[in-house]
Amino acid sequence: MPHDLPKSYEPGAIEKRWAEFWVTEKLFSVPTPPPGEKRPVFTLLLPPPNVTGRLHMGHMLNQTQMDIIVRWHRMRGFITLWLPGTDHAGIATQMMVERDLAKEGKKRRELGREKFIERVWEWKRQYGGAITGQMKRLGASVDWDREYFTMDDNLSRAVREVFVRLYEEGLIYRGKYIVNWCPRCETAISDLEVKHEEVAGKLWEIRYPVVGSSEFITVATTRPETMLGDTAIAVNEKDERYTHLHGKKVLLPLVNREIPIIVDDLAQPEFGTGAVKVTPAHDPNDFQAGLRHNLPQIDVIDDHARMNANAGPYAGLDRYEARKRVLEDLRAQGFLVSEKDYTLSLGKCDRCETVVEPRLSEQWFIRIKPLADRAKQAVENGSITIVPENYRQIYLNWMTNIYDWCISRQLWWGHRIPAWTCEGCKEMIVAREAPASCAKCGGEKLEQVSDVLDTWFSSGLLPFTTLGWPEKTRDLEVFYPNTLMITGFDILFFWLARMIMFGCHFMQGHQQDAAIERASAQAEGEAEQKDDSVPFRHVYIHALVRDAERQKMSKTKGNVIDPLEIIERFGTDATRFTLAAMAAPGTDIAFNESRTEGYRAFANKIWNAARFMFMNVDRIGLMWGQPPSAVQPGQSPGSSRSGEEVSIFHTATLEDRWILSRFNRVTAEVNAALAAYRFHEAANRVYDFFWGEFCDWYLELIKPRLAENSPADTARPACENLLALFDASLRLLHPIMPFITEELWQAVYEGKVPLKSIALAPYPQSDEKRIDLQAETEMAVLQDLIVNIRNVRAELKVEPKVKVPVEVFAAEPEMRAMIEANRGAVERLANVEKLTFVDHSLARLPGSRGTARFDVHIIFERKIDAAAECEKLKKELEKIEKGITSGQRQLGNEQFLAKAPANVVDNLRKQQQELAVLQQKTQSKLTELGCG
RNA sequence: GGGCGGUUAGCUCAGCUGGUUAGAGCGCCUGCCUUACAAGCAGGAGGUCGCAGGUUCGAGUCCUGCACUGCCCACCA
């Protein structure tokens, strides 16, 4: 069956076909390994995208990196589980459905809780698969059979279990505290969900009359409307300006309420007037001060950020309208001292950008310290390693300065808090399932708390809940701890930190099945693991993808690059390759389309190399499906994984030995790069090898052997080499470019594939025995020679079609012999009519060029532009002499000779010798040309 | 206010633990449809590695300071 590939690679249809194939064939499904299983295990949890999500570049980077690592492990023989799922994403999803409702002119509250939730489920059923569909298009090799949703029954049960246990352990408490309140979402949000933004605002100074005196005390504020809830004025003890006022009272303007002047460090003498108004119900610092001084908390702003009844005449006004009115009134009554421009940092809701209002409310919290301590330890003692390492310190700092976590949200969509209040006695009952009656008074009217849990509460549990916790499952034994977690630093605290806290707490005492060989993303030699309760052993933090101008992508800026659109234009493989090639650890990626264009060209290059190979394979009728010798499918050319020699790779010629050597070297480098998450390095190595060495040199060099008139016993081994190398290169490349490699690998085997997919074939491993230094050196000389001839041809402007006779001088007899043996290659690749060897240097002749090892001289009648040539030569000589001077200086330095390693000194000596030869050659040519 | 990155060719970026004459892709210039590939091939131009000191036999690489730039964290009215 002859291969018939189109002239250029069109990824669209091919990628779709394989993406489907991988899913329908369940190639990446992982059954629970039975007891006694000895193969190493690799487990990775997909950071669940929001069900409402659309694939963006961040997802794609994240998933590309994960898929590369996962495919790599799978090909190396690990039991490889990549567990996918989606997150119910409380606020985001609720907002989405509310928006839909709004289009119908309906509101959430009109619908009622139950109907609303039903509606959300409906939405989820209908659109929730969008993001996973997009993942499939990327080729993410996850186990779809194990796909989870954070609101699945089993996961929800686990959430309740965790909540109840924490409550029983006294690690969850409820109370009236000041929290960040989003008036649009109508819920409390955690500190992490507030982002601060610098905005130009005003600072107003207001004076409060001191009771029983004609004095005033002046305070400054950026939120004057909160003065309606003031319950004190604070001054600093050391501030002598106010000493005489200690213990006095002031009359709160507009409200005419008497409030005390208290002494507290809250007030700092250096700032403003040194006196500060205290509003315990609407400012976190004031709240603390209020507790210290037992001040009343007067709430003046409601759920919707409108003034409430406590605000007297301002009740019902929006907070900003109230601000305006309060200021007007203060001004009118002579209490407003000044108004200044002021830059303040405003807290906004991460989701909807509404300005957050610090507000008093009843919330549930996790006492975080005990959890954080253990989570800190796990990283400190090396049970978890974080790459790049600088994130380790960031993590530890955060864990040290952590505050209690507000976990309740006033939403409807999410895990409802498993707590009920008894209508009769107001007792709070926390339980795994709805209780039938009150344990205290026996009352049967129980009302479940309406709050739901922060989304990160449930996602923080995923490393163990997705494996069956709280049941003691075989999956947990085998797959917990996960091997690796790959995520962006943007959710380091939201998610990563929480997973570690929960994992260390709830999986304490857990031990991974000892029979399972421990997988390591760090290859060998890693420190012994200390603690099996951690959710994962390694963490790799990747950077952010930015747009070409390095701007953070955001919907509001409109600079979002849609990965699917890029994929449409360049192919998934090219897009994946771009992300991999640009993902140097630690730095952000400015996504650059021109790179993707380049990698599309790379895909095309691979495609055409395949066409070339198939053309020859078909002609001589070679079938790779039935290999001629005892080759195992997927073996690296020249070796097998067990180290057993195989005879398939023919090493008769220099180029054969050379390419085999190069392949093994590159294979070692790629494996090492992947082990260290150096994706860019892995990508670049394969790219350079395949294009710069395999295509540019090897294919060109073997063409004569494949020519139509070449005898079968010459063509056949060459073809076999091609197939072997190609097969191995495809496998080497597969983790990064899964689609084109699958397509071509299947074609190599002409439908008689030994395995269902290249994804299951072994990953190439380097065989040191195949690294051939001599071949590499000789080949380098040959390449040099060819390039030198091409150079002179270009300088002399020899027409491309014209073959010229060339003289060669090689200083060393071995090199001369080597060149003679490969003269055909030189003649062909440099378009030489005839190569003749001479015994004397040709350096001084016009139309010549060379290195320390050889000279080439092109016999061609053309006037040489002596002036230009002179200038060029002088420049060259200058460079050479600079090299010589600096080299001599070093070699003349005893310190250098004493301290530098021997190989550095040796290399320098060798280099000096070569430079000396070059210097002499250049000089003689200058003389010959008669340059001034 | 603390902390962390970045600054290398016109553009986008590599350059790991200091060791030959600092690399790639894109762009640019010259020439080629050489039957795998014009998404290609051959050749070429282009860099005082942000600035100033220091350590070292040797610095793009390590240290200090500065400048510009980006990010994270923080309750300063």
Side-chain angles (χ1 to χ4, degrees), chain A residues 5 7-9 196 203 219-223 234 266-268 270-273 275-279 283-288 344-345 347 358 390-391 393-394 397-398 401 489-490 492-493 543-544 546 548 550-552 570 581-582 584-595 597-616 672-673 676 678 680-681 684 687-688 692 695-696 699-700 703 787 790-791 793-795 797 799-801 831 879-880 882-883 886-887 889-890 893-901 903-905 907-908 910-912 914-915:
Chain A
L5 307 188
K7 202 174 168 186
S8 59
Y9 178 56
H196 292 270
L203 184 70
V219 298
T221 180
T222 55
R223 296 185 298 149
L266 177 69
Q268 284 166 31
E270 319 80 57
F271 191 92
T273 60
V276 60
K277 65 197 258 328
V278 185
T279 324
D283 183 283
N285 289 318
D286 296 4
F287 175 77
Q288 294 299 335
L344 62 152
S345 97
N390 56 313
Y391 288 108
Q393 204 49 50
I394 294 176
N397 286 345
W398 191 77
N401 303 316
F489 73 80
D490 49 334
L492 189 74
F493 307 134
L544 234 57
R546 300 171 180 282
R550 302 205 122 269
Q551 298 281 310
K552 208 166 169 173
F570 304 109
M582 299 191 72
T587 44
D588 283 346
I589 296 173
F591 192 87
N592 195 274
E593 221 175 273
S594 72
R595 292 284 289 262
E597 213 174 323
Y599 296 126
R600 176 185 59 176
F602 180 50
N604 194 52
K605 188 79 183 175
I606 299 168
W607 187 256
N608 276 289
R611 287 180 66 224
F612 173 74
M613 174 178 73
F614 289 141
M615 189 180 86
N616 289 290
R678 301 179 65 83
H680 69 298
E681 213 171 280
N684 286 330
Y687 179 97
D688 290 341
C695 289
D696 284 353
L699 289 187
E700 293 305 326
K703 273 180 182 174
V787 168
R790 284 172 180 167
N791 279 334
R793 286 183 62 106
E795 276 161 26
K797 300 211 187 318
E799 287 78 7
K801 288 203 177 97
N831 215 9
K879 237 173 151 181
I880 292 169
K882 211 177 127 193
S886 94
R889 202 182 46 233
Q890 282 195 79
N893 185 327
E894 276 177 42
Q895 299 264 37
F896 172 72
L897 296 177
K899 289 182 184 170
N903 68 316
V904 171
V905 179
N907 284 342
L908 189 60
K910 256 179 229 154
Q911 178 213 332
Q912 284 302 101
E914 283 177 13
L915 282 177

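Proteins get letters first, then strands, A, B, ... in listed order; numbering begins at 1 in each.
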Rounded to whole Å, CG of A:N390 lies from C1' of B:C71 at a distance of 12 Å

Grab the two heavy atoms, one from A:D696 and one from A:K605, that are nearest each other, plus how far apart they are. OD1-NZ, 4.4 Å

Using a 4.0 Å heavy-atom cut-off, does A:Y391 contact any base of the nucleic acid, only the sugar-phosphate backbone, or nothing at all? nothing

Which one, B:G15, B:C72, B:A77, comes nearest to the side chain of A:F493? B:C72

So does A:D286 pair up with A:K277, basic N to acidic O under 4.0 Å? no

Short side-chain N/O contact from A:N397 to OP1 or OP2 of B:C73, under 4.0 Å: no

Could you tell me how far apart A:E700 (CD) and B:G40 (P) are, to the nearest whole angstrom? 15 Å

Using whole Å, what does the distance between atom P of nucleotide B:G6 and atom CZ of A:F489 come to? 14 Å

Pick the P atom in B:G50 and in B:G10, then give their distance to the nearest Å. 13 Å

Atom P, compared across B:U21 and B:G60: separation rounded to whole Å: 11 Å

G-U wobble or Watson-Crick pairing nucleotide for B:C33 (cut-off 3.5 Å, both distances): none

Could you state the CD1-P distance from A:I606 to B:A39, rounded to the nearest angstrom? 17 Å

Whole-Å gap separating C1' (B:C72) and CG (A:D490): 11 Å

Name the nucleic acid region contacted by A:R678, choosing base, sugar-phosphate or nothing; use a 4.0 angstrom heavy-atom cut-off, strictly under. sugar-phosphate

Could you tell me which nucleotide pairs with B:C51 by Watson-Crick or G-U wobble geometry, both distances under 3.5 Å, or answer none if nothing does? B:G65

Base contacts versus sugar-phosphate-only contacts with protein, heavy atoms under 4.0 Å: please encode nucleotides 17-33 of chain B as B, S and - from 5' to 3'. --BBS---SS----S-S

Hey, are A:N592 and A:R595 close enough side-chain-wise for a donor-acceptor pair under 3.5 Å? no

Contacts of A:Y9 meeting ring-ring contact (aromatic ring centres under 6.0 Å, His included) (sequence neighbours excluded), chain-then-number -> A:W607

Can you tell me which nucleotide in B:C57, B:A36, B:A77 comes closest to the side chain of A:V276? B:A77

Sorted by chain and residue number, the side-chain contact (heavy atoms from CB on, under 4.5 Å) partners of A:Y687 (sequence neighbours excluded) come out as A:F577, A:Y599, A:F602, A:W691

Need one value for A:Q268: base, sugar-phosphate or nothing, where a base atom within 4.0 Å counts as base even if backbone is also close, heavy atoms only. base

Within the 4.0 Å heavy-atom criterion, would you say A:L897 contacts the bases, only the backbone, or no part of the nucleic acid? nothing

Opposite nucleotide pairing with B:C71, Watson-Crick or G-U, both atom distances under 3.5 Å: B:G3

Grab the CD-C1' distance between A:E799 and B:G43 for me, whole Å please. 15 Å

Send over the distance from A:Q288 CD to B:C75 P, rounded to a whole Å. 12 Å

Whether A:H680 contacts B:C16 is assessed here as follows: a side-chain N or O lying under 4.0 Å from the phosphate OP1 or OP2. Is that the case? no

Complement of B:A45, any strand, by Watson-Crick or G-U distances under 3.5 angstrom: none

Using a distance-only criterion (donor-acceptor N/O pair, under 3.5 Å, no hydrogens), is the base of B:C37 paired with the side chain of A:K7? no

Is A:N285 side chain donor-acceptor paired with the B:C75 base, going by distance under 3.5 Å alone? yes

Which whole number of Å gives the distance between the P atom of B:U8 and that of B:G70? 15 Å

Main-chain N/O of A:T279 paired to A:D283 side chain as donor or acceptor, under 3.5 Å: no

Taking CG from A:N831 and P from B:G43, how many angstroms apart are they, rounded to a whole number? 13 Å

Roughly how far, to the nearest 0.5 Å, is CD of A:Q890 from CG of A:N893? 8.0 Å

More than 12 non-hydrogen atoms from neighbouring residues, nucleotides or ligands closer than 6.0 Å to CD on A:E894, yes or no? no

